[in-house]
Amino acid sequence: MISVIIPTYKSPEILDLCLRSCVEGQVNKNQIIVVVDGFYDLNKKILEKWADHIDVLNLEQNVGTPRATNLGVYNASGDKILIANDDNVFPLNWDVHLEEDYIENSVLTPNQIEPYPSMFSHFHIKDLGKSVDAFDLKRFQEYEKELNAVTYKKVPEETGSTLPIFMSKIDYLKLGSWDETYPSGWVVDWDFFLKCQLAGLKMLRTYKCHFYHFVSSSIKTQEQRNEAKIKEQQCYEYAKYKWGSYIKHDPSNNLKFI
């Protein structure tokens, strides 16, 4: 059994699609933990809709992505965890495909399909919908199946270090989990990937399945984008304070370094 950790904030329409694809796309019965990081009433209708398939961790107030993610992992019953965003769409047979390419002492990431050009050159760029309203789940599933026919036999590459991540719960805890002292959720994933690399874990990418990602679709207004940019820079500065240098990104293999 895999324990899936999905932190969510205030995007119920996106969460609904995420849960539908997760539940309908699994082959086995997995634990799906939705961590409600505040705004429970806003998400209540969707949570009740999928109540038979999910465990809900209601934090009652907004504590931020790092702590919400950690609390989700602490409640995981499976020995392996999958951390995904609520604006991810799961492909068919996602659990079987991840298990097939997982090896001990590794962090495995499924490749992603995104509608916009990405800083991550390994992502597959295809506009299947920039919003939930424009997205067709069946079309995505058919397209992803066609894509897999081309990439399925591809050996996992050491080009991981992007979300979602699939790994041992014990490895996650040994590394100290996500650092909750960051001023917001930005950069904390890079911080964690850096710790994984320093601990000697292989950062692998599988092409046996592809998750769709709407790319921060919950950030809509110019004011929200400006605020996010400020918080992101604050996190970069905090990383420099912590590590003595900014966390940098190698685009050829996605590895993080200082």
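Bear in mind the structure is a predicted one, so any value in this text is a computation, not a measurement.
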Lys/Arg cation over aromatic F166: K80, 6.0 Å, 45° cone: no
Any donor-acceptor N or O pair under 3.5 Å, side chains Y238, T181: yes
Donor-acceptor contact below 3.5 Å, side chain N85 vs main chain D87: no
E232/K229 ion pair, N-O < 4.0 Å: yes
Check: Y212 side chain, L128 main-chain N or O, donor-acceptor pair, under 3.5 Å: yes
Salt bridge present between D191 and K242 (N-O < 4.0 angstrom): yes
Residues R205 and T162: side-chain donor-acceptor under 3.5 angstrom: yes
salt_bridge(E142, K138) N-O dist < 4.0 Å: no
Enclosure of K248 NZ (heavy-atom neighbours >12, cutoff 6.0 Å): yes
Donor-acceptor side-chain pairing of H210 and N148 below 3.5 angstrom: yes
K195 atom NZ, over 12 foreign heavy atoms within 6.0 Å: yes
Sidechain N-carboxylate O distance under 4.0 Å for D101, K208: yes
N43 side chain to F39 backbone, donor-acceptor under 3.5 Å: yes
Presence of salt bridge, K44 and D41, under 4.0 angstrom: no
Side-chain donor-acceptor contact under 3.5 Å, W178 with D189: no
Check: Y152 ring centroid to H97 ring centroid under 6.0 Å: yes
K169 atom NZ, neighbour heavy-atom count above 12 within 6.0 Å: yes
Under 3.5 Å: donor-acceptor pair, side chain of S177, backbone of L173: no
Polar side chain donor-acceptor pair, Q31 to N75, under 3.5 angstrom: no
Distance flag, aromatic centroids of F193 and H249, threshold under 6.0 Å: no
D95 side-chain N/O to I2 backbone N/O, donor-acceptor pair under 3.5 Å: no
Geometric cation-pi criterion K256 and W190, 6.0 Å radius, 45° cone: yes
